[in-house]
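Single-structure report; data block below.
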Amino acid sequence: MLRINCPVCGTRDETEFTYGGDATVVRPAMDETRAQLWLDYVFNRDNPRGPHTEYWHHVQGCRQWLVMERNTLTHEVGECHLAKEAC
Amino acid sequence: MSHYSALSVFLNALKGNQNWQRAWRDPAPKPKYDVVIVGGGGHGLATAYYLAKEHGIRNIAVIEKGWLGGGNTGRNTTIVRSNYMMPGNTMFYERSMKLWENLSQDLNYNVMISQRGQYNLCHSPAQMDAARRRGNIMRANGIDADLFDRAEVKRRLPYLDYSATARFPIHGAIFQSRAGTARHDAVAWGYARGADRLGVDIIQQCEVTGYIWDKGKITGVQTTKGEIRAGKVGLAVAGHTGHLADMAGLRLPIETHALQAYVTEPLKPMVDPVISFGAAHFYISQSDKGGLVLGGDLDGYNSYAQRGGLPIVEHTLASAKALMPSLSRLKLLRHWAGVMDMSMDGSPFITKTSVDGLYLNGGWCYGGFKATPAAGWCFAWTIAKDEPHPDNAEFTLNRFERGYQIDEKGVGPKPNAH
């Protein structure tokens, strides 16, 4: 069981959250016409073995989107902050 | 190397089983090979076997960082089937099924293929319609499929929950009689022995740490046992595909996720076929030792750890109990996890890459075991001829940019949902 440190609600079980994938992926501007950038955004991932920055949605809590550091090899959980603060 | 037969078992028994030879050699790596396959699981070993057998390329090494079949080959739930309906998948998996049916004879090694049949249960009229469509597509492609109504499923599988209070009432099932199970370790061992007899060097405890480059082309691998040069390098490393591709500068439509499997304490024979629940991701079969083998959903977040969390254990066992209430007091004997290379459309890659000299077999999600013979056969073809066989022609990396995804489940680019 992952224990996720929600900045709003405190430390909660992973079962309250929904995973949102790699948080380093940035959506291109809406007027971007280069297909490769959209391809990278929709399909291609770094998929690192080690530190990973990822989205979690506290869907059964404060309903905030969070950005968390987690190690994909050890499952060690690191810093967690609100996604809207990163923007 | 001796030929295995009933006579060899008998004669060795007379001599107290003292004279069995080891099934494959343990050579030191040579400085150069025509082909180096990275990954000594079922796929890598099958690739080497078919390269040697079908294409006459015998100067091959299979290098493995751990031991043979210690990754997903030894961690799956041993199910083989070919009930696919998307163009690009259908004939590939049927090739695999046909290879399975003759694999023990071909390898002179008993892979214990057991065509006990597989039921995919339907729990709504809409699911029955979808199953009928799938079955018709399978039959149109020459693959066996049957559709059973509730009464027939109840006659065949009386131990499921048919009560008025069943959470997901059973409306019927689609059945493939040729599907079943195989002994997963024996598949790795059989291909290893077969490849070794054809001259392939199998090198264990040898991890790839980088590639050898020559003017933008990969001409070998750097390993913990030194440099090994190669005319062509093929990757068959399942969950670690992203990691080895990254070393080659490739960014792939893959995420690595952990998938768990479970075995209960042994029972008398009870579940003779393979049964897949249609209302949640859950499937069950019974091993020859009597343990019920269970599988379910991914843990749901990127992971390279070969272990899983307890929430999915609970989820899977809740599904088991919803389907078969009689399991409620069984104890789990073991559970474990493997790491899956989940592709963005749920379908695999057997293809050349944009890097000269590098070939990729990956993206198997959790369907790699059943594909083992055909994946090896098609990957060998692709490496030997520098072009895909028609059966793996759609398993390219560029299908996403061309708009030709093979999304069998229809969930879009959500690797944790396939």
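Because the structure is predicted, anything quoted here is derived from the model rather than measured. Each chain gets a letter, A, B and so on, in the order its sequence line appears, and its residues count up from 1.
Atom CZ of R63(A) is surrounded by 12 or fewer heavy atoms from other residues, nucleotides or ligands within 6.0 Å.
Using a 4.5 Å cut-off between heavy atoms, N302(B) contacts chain A through both its backbone and its side chain. Within the 4.5 angstrom heavy-atom criterion, atoms from both the backbone and the side chain of I254(B) approach chain A. For H240(B), the part lying under 4.5 angstrom from a heavy atom of chain A is the side chain only. At a 4.5 Å heavy-atom cutoff, the contact between D40(A) and chain B is made by backbone and side-chain atoms alike. In this structure, chain A has no heavy atom under 4.5 Å from any part of Q306(B). Heavy atoms closer than 4.5 Å to chain B are found in the side chain of L39(A), but not in its backbone. Contacts between W56(A) and chain B at a heavy-atom distance below 4.5 Å involve the side chain alone, from C-beta outward.
No side-chain donor-acceptor contact under 3.5 Å links E69(A) to the backbone of P51(A). Of the possible polar contacts, none joining the N89(B) side chain to the Y84(B) backbone as a donor-acceptor pair under 3.5 Å is found.
At least one side-chain heavy atom of I312(B) sits under 4.5 Å from a side-chain heavy atom of Y262(B).
For the 3.5 Å distance criterion, the side chains of T47(B) and N361(B) fail to qualify, holding no donor opposite an acceptor. Of the N and O atoms on the side chains of N76(B) and Y366(B), not one donor lies less than 3.5 Å from an acceptor on the other residue. In this model, a donor atom of one side chain and an acceptor atom of the other lie less than 3.5 Å apart for T396(B) and N398(B).
Counting heavy-atom pairs under 4.5 Å between each of P311(B), S343(B), G239(B) and chain A puts P311(B) at the top. Put simply, of T256(B), T241(B), L310(B), D341(B), the one with the most heavy-atom pairs under 4.5 Å next to chain A is T256(B). Counting heavy-atom pairs closer than 4.5 Å to chain B, the top-ranked of the candidates Q36(A), R45(A), H75(A) is R45(A). When N416(B), V339(B), D299(B), L252(B) are compared by the number of non-hydrogen pairs under 4.5 Å with chain A, L252(B) comes out ahead. With chain A as partner, the option from G309(B), G242(B), G300(B) having the largest number of non-hydrogen pairs under 4.5 angstrom is G300(B).
Closest approach of P28(A) and L37(A) over heavy atoms only: CG-O, 3.8 Å.
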